[in-house]
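Contents: one structure, followed by commentary.
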There are 2 protein chains.
Amino acid sequence: MSELPHILVVDDHREIREAMTRYLKKNGMRATSARDAVDMDAKLANGRYDLIVLDVMMPGEDGLSVCRRLSASGSMPILMLTALGGETDRIVGLEIGADDYLSKPFNPRELVARIKSILRRSTKVEPFAGKLSGRRIAFADWILDTDSRVLSNAEGMQIDLTGSEFKLLTILLEHPRFVLSRDQLLDLSTGRAPSVFDRTIDNQISRLRRKIELDPSRPRIVTTVRGGGYCLAADVRELS
Amino acid sequence: MSELPHILVVDDHREIREAMTRYLKKNGMRATSARDAVDMDAKLANGRYDLIVLDVMMPGEDGLSVCRRLSASGSMPILMLTALGGETDRIVGLEIGADDYLSKPFNPRELVARIKSILRRSTKVEPFAGKLSGRRIAFADWILDTDSRVLSNAEGMQIDLTGSEFKLLTILLEHPRFVLSRDQLLDLSTGRAPSVFDRTIDNQISRLRRKIELDPSRPRIVTTVRGGGYCLAADVRELS
DNA sequence: AGCGCCTGTTACACTTCGTTACAAATCTCT
DNA sequence: AGAGATTTGTAACGAAGTGTAACAGGCGCT
């Protein structure tokens, strides 16, 4: 299991943003593009990003204004793209809170090096166990300790979950009785997009069931919705 | 950083370094200059600095070598000065741990903006030991005395941590329940960028676990997230 | 009933991680 | 300054975890 950093590339030139996202994807990152500030805001409202690459010159709301806004509202790292010679833009951007800048045209290798350097210094926006962090969670006959990743039951049985099993289970526990598709589960647990005939989640669910179901061949806790995905079919309660 | 940041400017051209230090002093900073690596080392041995501005092209030991050395020995922020078009120098510098670069000739205002941007970033990640000297930190069954670097528990057991173990632990303690990648931990604890198959952090974590975990082969305090890094899985509290 | 699709499972290859041992670097003491 | 002790980083090996491929069985539609 590996969580890839997710980069949002905001640039009004389609060729540029497509080339950038392609290159970032080739270098161990998820990349999503937005053509302007409005598109960016919509993307930010619907997803979680680790860093924004932001063009200064854009129609509508310009990059400096966006940078000011983002810096004021949180700790999202920002790498700004400026025109060659756009020195004032660079200075003002840095002064209002951008983490770095790069002048167009730029070497994509430098873009990746700069992004990695910024990410090295920033923390993720979410703890590993998400909203359940630090809690003990009761469901079915199990109690999950989210710190130790240990499942225990009334008979005193204790089961260690692997990282992947644990992540998958916490995602299901955060949405009791909701069907989550395989693509959703893959995205939420690993951040990667599915390949063509991806069976990763099925395999992990099988492994999880082997650990938590009374009879894994007739699952009662993690149920399958054919054509839909998987569902945590139990009440969920926090113990502490 | 309660008082004015102190910048060390390393450049072999006297006019340049004098102009820089003068300008920095006019902009709310203390500034000291050094003409080469030897002079810089002497200055570093006798004083404390918040950031180094480092020219790439210097007689004697060159800037890239100095950068590599400084990154390896601590978390001193470095802003590198490159010749116009010195792109390879920039990329390699960033890859070995420099925080930023600037091409000569540059606008002094941009220099100040960049220095401030770096300082803004670096003060954000100051570990307990730096900012909260004299504190005692409680986590799991341990109490850490940040002055003495001694861990103690309710049974009266006392454990001395080495410098590296202590630094690593305080970084984890600063971000309870967040996954910190190996690259992040390496950067935050030593300031250097990872080599290709770097296992330094793994080894240090193994050593730390041997000291603090009940059963180091089944760690409960410092947990591993496969493909992600390490996580301090406990509540953290300051005692004084 | 037949067929195609969907799902569960097993096995295996590969990746990642833990640990040990040793060399190199650093620290401490005389 | 030098010797010894301690700490830290690197290399190697083995264990654990993960994703892919293949096969079989079940389900739903015609």
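The structure displayed is predicted, hence computed values, not measured ones. Letters A, B, ... mirror the listed sequences (proteins, then strands); counts begin at 1.
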Which residues pass the salt bridge (charged side-chain N to carboxylate O under 4.0 Å, His left out) test with A:R149, sequence neighbours left out?
none
Across all chains, not counting sequence neighbours, the salt bridge (charged side-chain N to carboxylate O under 4.0 Å, His left out) partners of B:D36 are none
Tell me, which pairs form a salt bridge (charged side-chain N to carboxylate O under 4.0 Å, His left out) where one or both residues lie in residues 214-234 of chain A, sequence neighbours left out?
A:D215-A:R218
Provide the full list of salt bridge (charged side-chain N to carboxylate O under 4.0 Å, His left out) pairs with a residue in residues 127-146 of chain A, sequence neighbours left out, each pair given once.
A:R135-A:E238
My understanding is that only residues two or more places apart in sequence, or in another chain, count here; which of them pass side chain to side chain contact (heavy atoms under 4.5 Å, CB included) with [X]?
| X | result |
| --- | --- |
| A:T21 | A:V9, A:A31, A:S33 |
| A:R237 | A:A138, A:L239 |
| A:N27 | A:Y23, A:V112 |
| A:V179 | A:V225, A:C231 |

Which angle, to the nearest 10 degrees, lies between the helix axes at the two ends of the helix from C:dA1-D:dT30 to C:dT30-D:dA1, each defined by five pairs?
40°
Once side-chain hydrogen bond (donor to acceptor under 3.5 Å, both in side chains) is applied, what residue pairs with a partner in residues 152-164 of chain B remain, sequence neighbours excluded?
B:T162-B:E165
Under 4.0 Å between any heavy atoms, over every strand shown, what does A:V225 touch: base, sugar-phosphate, or nothing? Just pick one.
sugar-phosphate
Base, sugar-phosphate or nothing for B:Q204? Non-hydrogen atoms, less than 4.0 Å.
sugar-phosphate
Most 5' of B:T224 and A:R182 on DNA chain C, judged by nearest nucleotide:
A:R182
Is there a side-chain contact between [X] and the phosphate of [N], meaning an N or O under 4.0 Å from OP1 or OP2?
| X | N | value |
| --- | --- | --- |
| A:S164 | D:dG17 | no |
| A:Y230 | C:dC6 | no |
| A:S206 | C:dT7 | no |

Within 6.0 angstrom of A:R182 CZ, more than 12 heavy atoms from elsewhere
yes
Table of protein N/O atoms under 3.5 Å from nucleotides 24-28 of chain C N/O atoms:
none

Rounded distance (Å) that lies between atom P of C:dT9 and atom NZ of A:K211:
15 Å
Encode nucleotides 20-30 of chain D as B, S and - characters from 5' to 3', where the letter depends on protein heavy atoms closer than 4.0 Å: B to the base, S only to sugar-phosphate, - to neither.
B-B---BBS--
